[in-house]
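Below is one structure, written out as structure tokens; comments come after it.
Count residues from 1 along the sequence.
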Amino acid sequence: MALEKIKLNIKGMTCDHCAATIGKKVAALDGVASQAINYPENSGEIQFNPDKISEQEIVDSINSIGSYRVAGKLKSSDSPAKPLDLIIIGGGSAAFAAAIRAAELEKSVLMINDGLPIGGTCVNVGCVPSKTLIRAAEQLYDANHPRFSGITVGAGGLDFKTLIRQKNQLVDDLRTSKYIDVLKDNPYVSIRQAHATLVDRNTVRAGDQTFTADHILMATGSTTYAPDIPWLAETDYLTNETLYQLDELPEHLIVLGGRYIALENAQMFARLGSKVTVLQRSLRILPDEMPDVTETLKELLEAEGIAIKTGVQFKSIRSKPNGIEIKAVVKDNEETISGSHLFVATGRKGNTVEMGIENIGVERYGKDFIRANEFLQTSVANIYAAGDVTGDHLFVYAAAYEGALAVDNMFGEKPVAKDYSVFPWVIFTDPQVAGVGMDENQAYQNQIDYEVSTVQLKDVPRSLAARNTRGFIKLLRNKADNKLIGARILASEGSELLMEISLAIRFGITVTELKKMFHPYLTLSEGVKIAAIAFDKDVKKLSCCAV
């Protein structure tokens, strides 16, 4: 009996591994002579002996594997996908936001991901693992440092391995529910796991296959930038991609860097029980922020036992049998600093190397970042860039915003410029550093006649009741129109105050109107009202429920 051939439209595949899984199952069926399962095309072409196996038995076998389903038969010339409208290189937040938006516009999309698993930095090695471990460390620290009289510290301890396993489970769950499951049944989007190389302005090579599209989006993210310090490259140092995979708590963690990634992790590991030393080349931690923020935070971190050295000039960093040895000059004094582990958090660089972009005229700048205009368009008109790879606003929610905006600008009638004029941000130390809009330096540079109101948390009833008065709330207003132009907050859970202030800035709500709003007593948000009142009154002369 002659062999017959059938081509099936298979739904539910999210990567080449899915195709391999189906192929292995089908190939094992008695009577199947050959199979070719194609993930990007959502198809499977199978040769079989009808005397041994029927078409329906092949379909039933595929349907029995996980969530894969045969949607119907195809003719050999059929393809379940339209010619590609968009190829997205990357698999993180910018890429997914772009894919979702393009699918809403009924555009055919191929996402090509390499390096980190689907979900990119945030869910795998960034926001999610760091923030859940930060909260765990905070809970352990607070349990051992009660602020109230009459509370006795118990024998609370730490099982670091169990904590890491719990973190891993959360990462796996969110990667599946918020990324893989979101697109796996979307008929407009296919995902391929491969290294992507641009061949020309419309063509991308992924593994051993080549794809073309009208538009290409570079959403490849960023990775740790390691400074040029003698012997550092030969050192077995940690980055955010490896730090959260440790199964033993470091005895002495040395942190290179003094910005948000460095400080968040320094405090987290200190609270979990590591000795921590922070080494910062600038004269201040968070050098882009005003001294009242940075110096207050530095004092609070040092009070928890974290050693912070600024103005550090590195001479060499070497691995030693028992850990790491750093030779440096710290404020004109030569020092040798030794530790068990080294964590490098000295900035980011774009993931653009060996991708062919330099061969087709895509312009780069700085630390391998792609230069994009206000519409997220690169120097090649049909190629766009979004997220960390642009080197601008390296936050996951900014990446998602840019991914969707890039798609709107590709396929829309009139491009829209990105707008970061009111952009809230948070550093998840404890107390948190939170900001939106301008600080004093930026207001001065923009020639705004501004005024500052700063309220210490010891004058906020909620903070007094919680016995946690570390920090302050600072508002800036334009004297000309009495409208807020910025805020900086140093407070435990201070980030929760940002959106009220952000909306006030966005919609031009005056300080007078803000003061009239009801703010429930003994909430931290009442501190915003007190700070608004403090533009014109002495808060020490106000009663409770200030008006």
Who are the side chain to side chain contact (heavy atoms under 4.5 Å, CB included) partners of [X], not counting sequence neighbours?
{"X": "Leu503", "result": "Phe507"}
{"X": "Thr152", "result": "none"}
{"X": "Ser492", "result": "Asp430, Pro431, Asn468, Arg470"}

Test: [X] and [Y] ion pair at under 4.0 Å:
{"X": "Arg135", "Y": "Glu138", "value": "yes"}
{"X": "Lys161", "Y": "Glu248", "value": "yes"}
{"X": "Glu451", "Y": "Arg477", "value": "yes"}
{"X": "Glu440", "Y": "Lys474", "value": "yes"}
{"X": "Asp292", "Y": "Arg488", "value": "no"}

- Message: Taking the ring centre of each residue, are Tyr397 and Phe423 less than 6.0 Å apart?
- Response: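 Centroid separation for Tyr397 and Phe423: below 6.0 Å.
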Quick one: pull up [atom1] in [X] and [atom2] in [Y] and give me the separation to the nearest 0.5 Å.
{"X": "Arg271", "Y": "Asn144", "atom1": "CZ", "atom2": "CG", "value": "11.0 Å"}
{"X": "Leu170", "Y": "Arg165", "atom1": "CG", "atom2": "CZ", "value": "15.5 Å"}
{"X": "Met268", "Y": "Ser130", "atom1": "CE", "atom2": "OG", "value": "7.5 Å"}
{"X": "Gln313", "Y": "Leu279", "atom1": "CD", "atom2": "CG", "value": "13.0 Å"}
{"X": "Glu251", "Y": "His341", "atom1": "CD", "atom2": "NE2", "value": "9.5 Å"}
{"X": "Tyr179", "Y": "Cys122", "atom1": "OH", "atom2": "SG", "value": "5.0 Å"}

Okay, side chain of [X], backbone of [Y]: is any donor-acceptor separation there less than 3.5 Å?
{"X": "Thr336", "Y": "Lys327", "value": "no"}
{"X": "Ser453", "Y": "Ala531", "value": "yes"}
{"X": "Asp368", "Y": "Lys349", "value": "no"}
{"X": "Gln169", "Y": "Gln166", "value": "no"}
{"X": "Gln280", "Y": "Thr310", "value": "no"}
{"X": "Arg348", "Y": "Ser222", "value": "yes"}
{"X": "Arg284", "Y": "Glu289", "value": "yes"}
{"X": "Thr132", "Y": "Val128", "value": "no"}
{"X": "Thr390", "Y": "Gly387", "value": "yes"}

Shortest non-hydrogen contact from [X] toward [Y]:
{"X": "Ala99", "Y": "Leu183", "value": "CB-CD1, 3.9 Å"}
{"X": "Val455", "Y": "Asp459", "value": "CG1-CB, 4.1 Å"}
{"X": "Thr454", "Y": "Gln456", "value": "CG2-NE2, 3.9 Å"}
{"X": "Lys184", "Y": "Ser67", "value": "NZ-OG, 3.7 Å"}
{"X": "Ile118", "Y": "Asn113", "value": "N-ND2, 3.7 Å"}
{"X": "Ala103", "Y": "Asn186", "value": "CB-ND2, 3.4 Å"}

Of all residues at least two apart in sequence or in a different chain, which pass the salt bridge (Lys or Arg N to Asp or Glu O under 4.0 Å) check with [X]?
{"X": "Lys458", "value": "none"}
{"X": "Lys367", "value": "none"}
{"X": "Arg371", "value": "Glu363"}

Side-chain donor-acceptor pair present, [X], [Y], cut-off under 3.5 Å:
{"X": "Ser495", "Y": "Gln432", "value": "yes"}
{"X": "Asn351", "Y": "Thr220", "value": "no"}
{"X": "Ser274", "Y": "His252", "value": "no"}
{"X": "Glu402", "Y": "Tyr420", "value": "yes"}
{"X": "Asp419", "Y": "Ser421", "value": "yes"}
{"X": "Asn240", "Y": "Thr224", "value": "yes"}
{"X": "Asn441", "Y": "Gln445", "value": "no"}
{"X": "His145", "Y": "Glu304", "value": "no"}

Enclosure of [X] [atom1] (heavy-atom neighbours >12, cutoff 6.0 Å):
{"X": "Lys178", "atom1": "NZ", "result": "no"}
{"X": "Tyr365", "atom1": "OH", "result": "yes"}
{"X": "Phe148", "atom1": "CZ", "result": "yes"}
{"X": "Arg467", "atom1": "CZ", "result": "no"}
{"X": "Glu295", "atom1": "CD", "result": "yes"}
{"X": "Glu234", "atom1": "CD", "result": "yes"}
{"X": "His195", "atom1": "NE2", "result": "yes"}
{"X": "Asp159", "atom1": "CG", "result": "yes"}

- Apply side-chain contact (heavy atoms from CB on, under 4.5 Å) to the pair Ile357 and Arg364, showing each step before the final yes or no. CA-CA 9 Å; Ile357 64 172; Arg364 289 187 293 183; 3.5 Å; yes
- Assess whether salt bridge (charged side-chain N to carboxylate O under 4.0 Å, His left out) is satisfied between Lys315 and Glu334, documenting all intermediate values. CA-CA 9 Å; Lys315 297 301 182 182; Glu334 291 190 2; over 6 Å; no
- Message: Assess the residue pair Phe343 and Tyr237 against the criterion (ring pair (Phe, Tyr, Trp, His ring centres under 6.0 Å)); give the C-alpha distance rounded to whole Å, side-chain angles, the decisive distance to 0.1 Å, and a yes or no.
- Response: CA-CA 6 Å; Phe343 172 51; Tyr237 60 83; 9.6 Å; no
- Dump the intermediate steps for side-chain contact (heavy atoms from CB on, under 4.5 Å) on Tyr244 and Leu238, then the final yes or no. CA-CA 9 Å; Tyr244 311 124; Leu238 299 162; over 6 Å; no
- Task: Output, in order, the C-alpha distance, side-chain angles, deciding distance and verdict of side-chain contact (heavy atoms from CB on, under 4.5 Å) for Val433 and Ile489.
- Result: CA-CA 6 Å; Val433 181; Ile489 300 165; over 6 Å; no
- Pair Ile317-Leu256, side-chain contact (heavy atoms from CB on, under 4.5 Å): steps then yes or no: CA-CA 11 Å; Ile317 300 178; Leu256 259 60; 3.6 Å; yes
